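I have placed the structure first, in the form of structure tokens, so that the comments after it can refer back to it.
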Amino acid sequence: MQNGTRLAAVDLGSNSFRLEIGQVDHGQIHRTEYLKETVRQGNGLDSDRNLTPEAMQRGWDALARFGERLAGFKRSQVRAVATQTLREARNRDEFLLRGRTILGFGIDVITGREEARLIYQGVAHTLPQTDASNRERRLVVDIGGRSTELIIGQALEAEVMESYRVGSVAWSMKHFPLGLFTTSAFRAAEIAAKAVLDDALGTYVPDRWDVVYGASGTIGAVGDVLTLAGGEPGLITRDGLDWLVDRLLKAGSADRLRIEGMREDRKAVIGGGVSVLRAVFDLLEIEEMKVAQGALRHGVLYELLERDDTVADLRTTTVARLANRFAVDAAQFKRVGETAAGLFVQLDPNARGGSTTSRAGRALRKLGWAAQLHEIGAQISHSEYHKHGAYILDNADAPGFAVNEMHLLSQLVLGHRGKLRKLETSLDDESFVSQLLALRLAVLLCHARRDPDLEGLRLARPGGARLFTIACRAGWSDLYPQSAHLLREEVLAWQKTTWRVELSGC
């Protein structure tokens with residue numbers, strides 16, 4: 001990526017929405033602008049796990065301000081990610097549909113482990129890149145509004161990642177609902193946090209790291225307060241946490257808290273955040289933690305940099321690992337992938353080459369991943385393997401992928417054979433329909449598990465209507481009667497949708 005290119009990351013957190021804009025300079029990204037909005041979507045979930053209208057409006061208002069600042073950016077220069085609150089929200093699609101329009105860019109809901117991986121990338125890239133730094137084994141802790149991430153890694157590689165549903169907003173709402181700080185409330189909050197984090201004990205043991213780093217809101221806020229109170233800059237200790245809790249208890253409530261370095265928007269959630277942080281210190285036997293400058297948004301920026309055409313995409317590696325884990329027939333997925341790609345390029349010549357800088361190119365690459373994984377469910381059972389495959393993709397840990405990206409792949413795998421009615425909601429997306437038809441045609445043309453004859457077979461979408469045409473050269477159906485029969489069956493399948501496929505010469 002060229003020096004001077006601007007990149008932007010939007011982090012839709014449970015407590016705050018953040019926009020980070022940076023400029024590429026010889027493989028590094030230097031901040032040029034940073035905006036933060038305290039949205040507190042994390043306390044806007046009702047008892048049915050739906051975002052309230054007020055919480056959604058606060059989010060949309062913040063995205064509108066970010067969107068104005070991002071005017072003029074290309075899609076390849078911006079990525080927005082959403083975390084725990086939108087992972088939980090049952091009505092997230094309603095929020096995201098309008099949110100994407102307001103922001104002007106897509107919004108990816110990422111899994112907890114993917115969030116953890118990106119956090120580690122953000123921390124690692126903003127640490128000094130020295131031999132000593134690259135040798136150190138790290139534990140990275142990030143306490144967000146509704147989740148806490150723990151990551152063990154070395155240099156730029158995250159090795160162990162996990163996300164736990166405990167955070168500053170959730171714990172403040174549950175244990176400090178009126179903003180009152182009491183000894184019993186802190187005790188109950190810490191015990192409850194340890195109960196959630198207890199699963200970490202078997203994996204996150206002290207002899208696996210040399211240095212502990214803390215990232216993001218709660219930890220940054222605690223570090224600021226302790227530094228201004230005379231502590232070592234950028235360092236959080238057990239004694240420092242005990243001192244801070246004592247100050248909170250003496251204040252008695254968030255409203256009466258007066259402490260240098262504590263921003264007003266942090267006071268309402270500091271009780272829950274400090275409780276979780278003390279629980280992490282106790283459970284993992286941490287004596288001191290360094291405050292890191294990097295966070296999730298920085299990881300997103302460096303991921304954008306590394307998704308440039310010249311750098312291998314982590315998602316390609318993830319797909320290959322999944323295919324290998326489930327013993328997918330490599331010759332067949334290559335055959336289907338090349339056939340599907342050829343058909344898709346007939347529909348959209350701009351897709352040729354799979355460039356990440358064009359929408360068509362990105363769609364072609366995702367089609368290739370779907371082809372690579374279309375038989376992933378066969379390892380479970382050949383009967384209805386497409387349904388097993390879709391379930392695997394909707395539930396697998398997939399580094400580099402957002403939840404919605406994996407769901408797109410799962411829908412392509414689910415729809416590559418059988419009736420189309422099960423995909424009704426997805427058939428309004430024209431790009432998805434083109435990907436799906438190319439994949440279905442490729443699978444049926446490769447039914448004999450050998451290379452198909454595509455000479456004289458033309459797929460087109462005339463006039464932009466909800467119509468596709470397939471034309472065969474004279475004599476093709478006589479040479480391949482089974483394939484011609486399957487094409488006629490495919491035409492019938494699409495008749496039960498709002499799309500039509502017409503066949504000629506076959």
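If you're wondering where the values come from, they're calculated on a predicted model, not measured in any experiment.
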Evaluation steps, salt bridge (Lys or Arg N to Asp or Glu O under 4.0 Å), between E159 and R117
CA-CA 9 Å; E159 297 165 357; R117 186 187 69 80; over 6 Å; no
As a quick check of understanding, evaluate side-chain contact (heavy atoms from CB on, under 4.5 Å) for W369 and T316, giving each step before the final call.
CA-CA 8 Å; W369 292 333; T316 299; 3.7 Å; yes
Evaluate side-chain contact (heavy atoms from CB on, under 4.5 Å) for I151 paired with V160, printing each intermediate quantity in order.
CA-CA 6 Å; I151 313 101; V160 181; over 6 Å; no
If you apply the rule ring pair (Phe, Tyr, Trp, His ring centres under 6.0 Å), what do you find for F186 with W171, and how did you get there?
CA-CA 10 Å; F186 274 106; W171 250 235; over 10 Å; no
Test log, rule side-chain contact (heavy atoms from CB on, under 4.5 Å), inputs Q2 and V24
CA-CA 7 Å; Q2 288 186 341; V24 176; over 6 Å; no
Would you sort out whether D246 and K250 count as a salt bridge (Lys or Arg N to Asp or Glu O under 4.0 Å), showing the intermediate values?
CA-CA 6 Å; D246 185 60; K250 285 178 179 177; 3.2 Å; yes
Worked verdict on R138 versus S133 for side-chain hydrogen bond (donor to acceptor under 3.5 Å, both in side chains)
CA-CA 10 Å; R138 302 165 181 151; S133 175; 2.8 Å; yes
Apply ring pair (Phe, Tyr, Trp, His ring centres under 6.0 Å) to residues W60 and F95 and explain how you reach the verdict.
CA-CA 8 Å; W60 290 331; F95 175 81; 5.8 Å; yes
Assess the residue pair R135 and D210 against the criterion (salt bridge (Lys or Arg N to Asp or Glu O under 4.0 Å)); give the C-alpha distance rounded to whole Å, side-chain angles, the decisive distance to 0.1 Å, and a yes or no.
CA-CA 10 Å; R135 282 195 301 271; D210 306 312; over 6 Å; no
F401 vs T318, test: side-chain contact (heavy atoms from CB on, under 4.5 Å). Steps then yes/no.
CA-CA 9 Å; F401 281 96; T318 293; 4.1 Å; yes
Criterion salt bridge (Lys or Arg N to Asp or Glu O under 4.0 Å) on D265 and R40, from CA distance to verdict:
CA-CA 10 Å; D265 63 354; R40 292 237 172 86; 5.7 Å; no
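You'll find the side chain of F326 stays beyond 4.5 Å of the side chain of L373, heavy atoms only. The side-chain heavy atoms of Y120 and D142, taken from C-beta on, include no pair separated by under 4.5 Å. Taking 4.5 Å as the limit, some side-chain heavy atom of L63 sits within range of a side-chain heavy atom of L12. Side-chain contact between I21 and R69 is present, with at least one heavy-atom pair separated by less than 4.5 Å. Side-chain contact between R87 and E115 is present, with heavy atoms from C-beta onward closer than 4.5 Å. Looking at heavy atoms from C-beta onward, E37 lies out of side-chain contact with L19 at the 4.5 angstrom threshold. Two residues are said to be in side-chain contact when any heavy atoms from C-beta on lie closer than 4.5 Å; L97 and R100 fail this criterion. The closest side-chain heavy-atom distance from M262 to K267 is below 4.5 Å.
Ion pair E405/R315 flagged as a salt bridge, since at least one NZ, NE, NH1 or NH2 atom sits closer than 4.0 Å to an Asp/Glu carboxylate oxygen.
Residue-environment remark: CZ (R65) exceeds the threshold of 12 foreign heavy atoms within 6.0 Å. The number of heavy-atom neighbours closer than 6.0 Å to CD of E157, taken from other residues, nucleotides and ligands shown, is 12 or below. For R321, the CZ atom sits in a loose shell: 12 or fewer heavy atoms of surrounding residues, nucleotides or ligands are nearer than 6.0 Å. In this structure, D131 places its CG atom where only 12 or fewer heavy-atom neighbours from other residues, nucleotides or ligands lie under 6.0 Å away. Counting non-hydrogen atoms of other residues, nucleotides and ligands closer than 6.0 Å to NZ of K422 gives a total above 12. In E68, the CD atom is not crowded: 12 or fewer heavy atoms of neighbouring residues, nucleotides or ligands sit closer than 6.0 Å. In this structure, R31 places its CZ atom where more than 12 heavy-atom neighbours from other residues, nucleotides or ligands lie under 6.0 Å away.
The distance from atom CD1 of I29 to atom CG of L301, rounded to the nearest 0.5 Å, is 5.0 Å. Summarising the geometry, atom CG belonging to L244 is positioned 8.5 Å from atom CZ belonging to R247; distances are rounded to the nearest 0.5 Å. To the nearest 0.5 Å, the span separating OG on S410 from CG on D394 amounts to 3.5 Å. To the nearest 0.5 Å, atom CG of residue D428 and atom CG of residue L423 are 11.5 Å apart. Expressed to the nearest 0.5 Å, how far CG of L127 lies from CD of Q129 amounts to 7.0 Å. Distance CG/D46 to CG/L51: 8.5 Å, rounded to 0.5 Å.
Closest heavy-atom contact between E114 and P399: OE1-CA, 3.3 Å. Contact detail for R266 and S168: the closest heavy-atom pair is NH1-OG, 4.2 Å. L304 and A8 get closest at one heavy-atom pair: CD1-O, 3.5 Å.
Shown here are the salt bridge (charged side-chain N to carboxylate O under 4.0 Å, His left out) partners of K174, two or more places apart in sequence or in another chain: there are none.
A side-chain N or O of E149 and one of S163 form a donor-acceptor pair less than 3.5 Å apart. In summary, the side chains of E285 and Y204 do not present any donor paired with an acceptor at a separation below 3.5 Å, with no hydrogens or angles considered.
In this structure a side-chain-to-backbone donor-acceptor pair under 3.5 Å is missing from S147 to I143.
Note on ring orientation: taking the six-membered ring where Trp is involved, the planes of F181 and F176 are perpendicular (angle over 60°, cut-offs 30° and 60°).
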